**Q** 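There's a structure below that I have some questions on.
Computation of the quantities below employed the complete heavy-atom set of this structure, encompassing side-chain atoms and omitting hydrogens, waters and symmetry-equivalent molecules. All chains are named by letter (A, B, ...) in the order of the sequence lines, taking the proteins before the strands, and each is independently numbered beginning at 1. Note that the structure is a prediction, hence the values are computed from the model and not measured.
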Amino acid sequence: MYRTHHCNQLRAADVGQTVELSGWVASRRDHGGVIFIDLRDREGITQIVFRPESYPDVAKEAHSLHDEDVIRIEGKVVPRLEGTANPKLPTGEIEVVVSGLTILNQCAPLPFQLDANLSNEDLRLTYRYLDLRRPAMVRQLKARHILNRTTRNYLDREGFLEIETPILSKSTPEGAREFLVPSRVMPGLFYALAQSPQQYKQLLMVAGAERYFQIAKCFRDEDPRADRITELTQIDIEASFTTQEDIFRLVEGLLKEIFAATREVTIPTPFPRLTYQEAMDRFGSDKPDLRFGTELVNLSETFRNSQFKVFRAALDQKGVVKAINAKGFANITTGQIEEVTNLAKQAGAKGLAFIKVENGEWKSPIVKFFSESERKSLTEKMGIEEGDLILFGADSWETVCIVLGRLRLKVAEFTKLITDPDELKFLWVTDFPLMSFDPAENKWNAMHHPFTRPKTEDIPSLEQGEFGKVRAVAYDVVLNGVEIGGGSLRIHESDLQQKVFSALGISEAQQKRLFQHLMSAFSFGAPPHGGIALGIDRLLMIITGTANIRDVIAFPKNSRGQDLMMDAPAEVTERQLRDLSLAVRRA
RNA sequence: GGAGUUAUAGCUCAAUUGGUUAGAGCGCCGCCCUGUCACGGCGGAGGUUGCGGGUUCGAGCCCCGUUAACUCCGCCA
């Protein structure tokens, strides 16, 4: 037997028991005579004591122990001596006097220390199995386990079946770049790794599964970010005979249980809702962070007849003038002004107009163009007070919203508008546009995916070719400015699906080649259906309060998609390539 | 594809305006230590300052190039 208890189990009530423990040496405090060791396993730490006067042979062997050696001990639980209890440990009232020691395995000198400052991430990822021994990382693994368990229990109770779908699938033109996998049996042909189970889950609805979910791995061959990784996990949900309201209620209930189980907080439901239009107009983002205000204010009427050419020109071209008030940020430094100006330009602005309100004076190169009534209207609409900084955008509605939305986030960061690190602000963003125009490709792309249902009242616009006016029954769930999930009601009629494909520039020949299975499935009595997918990794980032998606994944890839521990991707042999009928072209 | 930040001992970091032998803490090795909990004390080993070039009497520090990591933009239905 290796253990009778784990290392976070023994308490004062267990005093007198003879126990066995196994684990790693987390810390050795060798006084020459008595030796203390913090013995660590997955659950926690128990102090064990070697007393030479009681067990001289065992104590002698303990002198040679090192950090991270793996040992098994037996001994007696005793209360700690008067005044030596450790209130920092749940097991701190007791210790185990060791009468028997087995060294199960020794540890070589470590490449980095587990108890010290975090080492550089390369090293942590290379030796991830050591990094994961840190209690903080164990907490991450447990949080994911609890989230998954809660999800399964909840969706089971709601009548959902967990059904697995293929990872090896077929390449489709829309969406993220895919990882390709060559077929050995059929030379020259390729699978694609599923970027989501989207089509399978819709086909399951046609199959009459009615309520499906899956904790699904998805693969996207795009450049990673701090909150994006090539290999991600989603709670994938689809239901038949469902409405947007049904899905909102389901997901709100799920998130309520997840946050109760992982963070022990009660989140208020239902979540507030904004349409895409409102979200962009007021917050300059389709995933607004509602933990602070600083809303975008429309000033188009104020400057309708302005002498300031930049504003006037934007308005004359049917654009808008909007602004945000960075309260109390008039003391912005020159360097910060430069930074926000660059940010504005990056987001599509031609420049950045601003007003600093200092000592009762408006300090700005543009104020001289403003009339008395314009100043008055501006003061009123923006609620201008001493110490404020007003940042303007004048351009097309979309550009202005995007620019000011980015500035809003930057201002919040500079002026520390988020004060409570535990605050959770959920919302639904609804009525997304069905399609967006890509000037680079000169074509319309699906905003969500090509199977998204247009709003019934907007179908005439679709038929008339006014694609920009068509809204979708598509929705995102947003938490603290992070898109944690998105979904839609789907098209279940082959003729409507065909119209959308055509609008997206997918020819009939392509439709047949790529989506024949869907088109024919829809012709055999497909029920109305819809669903959503929630990003587990991003959700866990917020639950555990980390800024890096790799912290919530046991074995993550780095920002170039490498697994530093396994050293993947790696070269393969000529023989393997030959079997796959592949040749590598080297530069 | 573009931009920014970073790179010094096994790890985390220092090193004044360019100045002589590049330091500290932790870890490692040796010795000492019977109530610690980041135990403590004494001693020791350990460096091509990412790599290549340049400027200079002299470069960890300045310049150019390059590589890598991270972050951001593009991209991510």
**Q** If only side-chain N and O atoms of A/H63 are considered, is one of them under 4.0 Å from the OP1 or OP2 phosphate oxygen of B/C31?
**A**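 The answer is no; no side-chain N or O of A/H63 sits under 4.0 Å from OP1 or OP2.
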**Q** Just wondering, do A/F112 and B/C11 stack (centres under 5.5 Å, planes under 30°)?
**A**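 The base of B/C11 is not stacked with A/F112 (the test needs centres under 5.5 Å and planes under 30°).
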**Q** Check RNA chain B against residues 548-557 of chain A and give the residues with a non-hydrogen atom under 4.0 Å, in numerical order.
**A**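 Nucleic-acid contacts, sorted: A/N548, A/R550.
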**Q** State which residues pass side-chain contact (heavy atoms from CB on, under 4.5 Å) with A/Y200; sequence neighbours excluded, sorted by chain then number.
**A**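 Result, side-chain contact (heavy atoms from CB on, under 4.5 Å) vs A/Y200: A/T165, A/P166, A/S169.
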**Q** Partner lookup for B/U34, please. Criteria are Watson-Crick or G-U wobble with both distances under 3.5 angstrom; report none if nothing qualifies.
**A**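 Looking at the geometry, B/U34 pairs with no nucleotide.
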**Q** Assign A/R177 to base, sugar-phosphate, or nothing according to its heavy-atom contacts below 4.0 angstrom with the strands shown.
**A**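 Answer is nothing: A/R177 stays at 4.0 Å or more from every strand.
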**Q** Counting any heavy atom closer than 4.0 Å, what does A/N445 reach on the DNA or RNA strands: base, sugar-phosphate only, or nothing?
**A**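 Nothing: the residue A/N445, judged by heavy atoms under 4.0 Å, touches no strand.
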**Q** Determine whether more than 12 heavy atoms belonging to other residues, nucleotides or ligands lie under 6.0 Å from atom NZ of A/K455.
**A**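 Check passes, neighbour count above 12.
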**Q** Could you tell me whether the side chain of A/R29 has a donor or acceptor atom within less than 3.5 Å of a complementary atom in the base of B/U34?
**A**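 Answer no: no donor N or O sits under 3.5 Å from an acceptor.
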**Q** Got a sec: does the OH of A/Y191 have more than 12 other heavy atoms crowding it under 6.0 Å?
**A**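 Result for OH/A/Y191: open.
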**Q** Any salt bridge between A/K410 and A/E339, counting N to O under 4.0 Å?
**A**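 So A/K410 pairs with A/E339 through a salt bridge.
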**Q** Quick one: which protein N/O atoms are closer than 3.5 Å to N/O atoms of nucleotides 5-8 of chain B? Pair and distance per line, please.
**A**
none

**Q** Base, sugar-phosphate alone, or nothing: which one does A/E121 contact when heavy atoms must sit under 4.0 Å apart?
**A**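 Sugar-phosphate contact only - A/E121 comes under 4.0 Å of backbone atoms but never of a base.
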**Q** Should A/E231 and A/K557 count as an ion pair when the cut-off is N to O under 4.0 Å?
**A**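 So A/E231 pairs with A/K557 through a salt bridge.
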